[in-house]
Structures are given as C-alpha cells and as structure tokens.
Amino acid sequence: KEDAQEIYSGIQATDFWKANNGSDHSLEFLSALYQGTWFSIEGLPGVVQAESGSLAGTTLADLLFTLSVSRNFREIRKDLRRHNLSPKADLDSLENIFNFKLSDLKDLPSFRFYDISFVDDCVFPIVSTANDLIRFATLAVQIVEKQFRRHGLELNFSRGKTELLVILHG
C-alpha cells in the first residue's frame, strides 16, 4: 500500500514531470486526466465520483498501475534470489535434472531463464530436481504471496489464476 501511495504521490507532483522533460502542455493534459474521475462497482447502480486518481481504463491508469506493480515484481525477484530460487541453473544441477552429461556436448548450449510479466500477470520460473520440487515451489509461492500482501495486493488462488505449472524432464 505504501509503495503505491508513494508512486502516485510522486507522479502527481509537477516536479517529477518537469525533471523528466515534461512540457507544460503534457502537464496540463495529465492534470485534466485527474479531474472529474469516477468509478463503478459491479452490481451497484450508478457511479462514484473520485476525489483523486485517474480514470480506470485510461492509458495513464495503466501506466501508473504497471509502474507500481513492477516494484513488487523486483522485490519478488530479490527474495527468490535470496532463497536460491532465482531463474538460473548451474551445469551440475542441469545435468542432475536432465540426467545427461552436458559437459560431453561439443557446443554447450546456453541456458537462460526469464520471468515474464504483462501488467499484473507474471511467471517466475524455478529449476528443481524432483526431490526438491514441492519444497521449492511452496517457498516460491510463499515469497510471491508475501510480497503481494506487503504491497497491498492479494493473490487470486481461484482455479485458472495463481497456478504452478510443472514441466517434467527425464
């Protein structure tokens, strides 16, 4: 919650925009996006006029949301690295996982793993042996859930939402 408030407060300040070469015209335009805003709640009639904030569904709202969520993802990546769950694998662990002597290969392939995010959807890959899979996956979900809570967000554990995708090899 504090991070989102800090980001929104900082962006609302004209100093931020001027320091980043924002023109007077763009400042006026962005200010207008904050006036007369409203929101609705599904199942309730009418709309609520907001005292502050951008109109939902606008480009500015999407950019601000993405900026605030990206801070959360950075913290998740740091925690995963701290617990040795970062998306990397050394040669020994890959040989163990794939049950194949990779050092015997003439042209050793490069193994790179990336986490992927699009707005509030994200993937955090981990590499594990079968013996450690449940422990590593549990810890990874705990880290993600803790960071989401810390930032005032709640993971959706409904079917088709927060999931573990296991790819077995060997």
Side-chain angles (χ1 to χ4, degrees), residues 1-13 16 20 30 33-34 37 39-44 48 50 52-100 102 108-170:
K1 287 180 187 175
E2 292 171 9
D3 282 343
Q5 289 170 343
E6 178 186 327
I7 288 168
Y8 285 110
S9 296
I11 288 174
Q12 284 178 325
F16 170 84
N20 289 286
L30 291 170
L33 292 175
Y34 270 83
T37 61
F39 64 91
S40 63
I41 299 173
E42 191 173 327
L44 296 179
V48 177
S52 67
S54 65
L55 190 61
T58 63
T59 303
L60 177 61
D62 292 343
L63 287 172
L64 294 176
F65 180 79
T66 301
L67 181 61
S68 62
V69 160
S70 70
R71 187 177 278 188
N72 185 22
F73 292 164
R74 279 193 305 274
E75 292 299 318
I76 290 169
R77 286 184 204 106
K78 282 184 200 174
D79 262 4
L80 290 172
R81 277 193 302 273
R82 199 172 310 136
H83 289 89
N84 294 319
L85 295 175
S86 60
K88 66 176 181 161
D90 59 38
L91 189 59
D92 290 337
S93 65
L94 287 172
E95 286 179 346
N96 189 20
I97 290 166
F98 294 117
N99 195 23
F100 183 78
L102 294 172
L108 189 62
S110 173
F111 291 95
R112 300 188 90 180
F113 301 94
Y114 298 96
D115 56 284
I116 302 167
S117 61
F118 178 74
V119 188
D120 63 341
D121 293 326
C122 56
V123 174
F124 296 101
I126 58 174
V127 176
S128 171
T129 62
N131 291 339
D132 292 324
L133 180 62
I134 299 298
R135 185 169 53 88
F136 284 9
T138 300
L139 181 56
V141 170
Q142 288 171 341
I143 288 168
V144 171
E145 202 267 337
K146 178 188 80 175
Q147 286 299 339
F148 266 67
R149 257 189 297 113
R150 184 174 165 262
H151 292 266
L153 300 168
E154 191 174 315
L155 279 180
N156 183 348
F157 286 103
S158 299
R159 184 183 176 117
K161 295 297 181 179
T162 302
E163 295 182 338
L164 171 66
L165 174 64
V166 177
I167 300 173
L168 302 174
H169 182 82

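Only a predicted model underlies this, so the values are computations on that prediction, with no experimental measurement involved.
Between Phe73 and Phe148, the two ring planes are tilted [angle within 30° to 60°].
Counting heavy atoms from C-beta on, the side chains of Arg150 and Glu75 come closer than 4.5 Å. Between Arg149 and Leu155, every side-chain heavy-atom pair lies at or beyond the 4.5 Å cut-off. Side chains of Phe157 and Glu145 form a contact here, defined as non-hydrogen atoms less than 4.5 Å apart.
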Query raised in the report: Is there a side-chain contact (heavy atoms from CB on, under 4.5 Å) between Arg77 and Phe124 once you walk through the steps?
Result: CA-CA 8 Å; Arg77 286 184 204 106; Phe124 296 101; 4.2 Å; yes
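Taken from CD in Gln147 to CG in Asn72, the straight-line distance is 6.0 Å, to the nearest 0.5 Å. Rounding to the nearest 0.5 Å gives a distance of 12.0 Å between CZ of Arg81 and CD1 of Ile76. One finds the CD1 atom of Ile143 at 9.0 Å from the CD1 atom of Ile126 (value rounded to the nearest 0.5 Å). Here the straight-line distance linking atom CG of Leu80 with atom CG of Leu139 works out to 8.0 Å at 0.5 Å rounding.
Taking each heavy atom of Leu164 and Ala137 in turn, the nearest pair found is CD2-CB, 3.8 Å.
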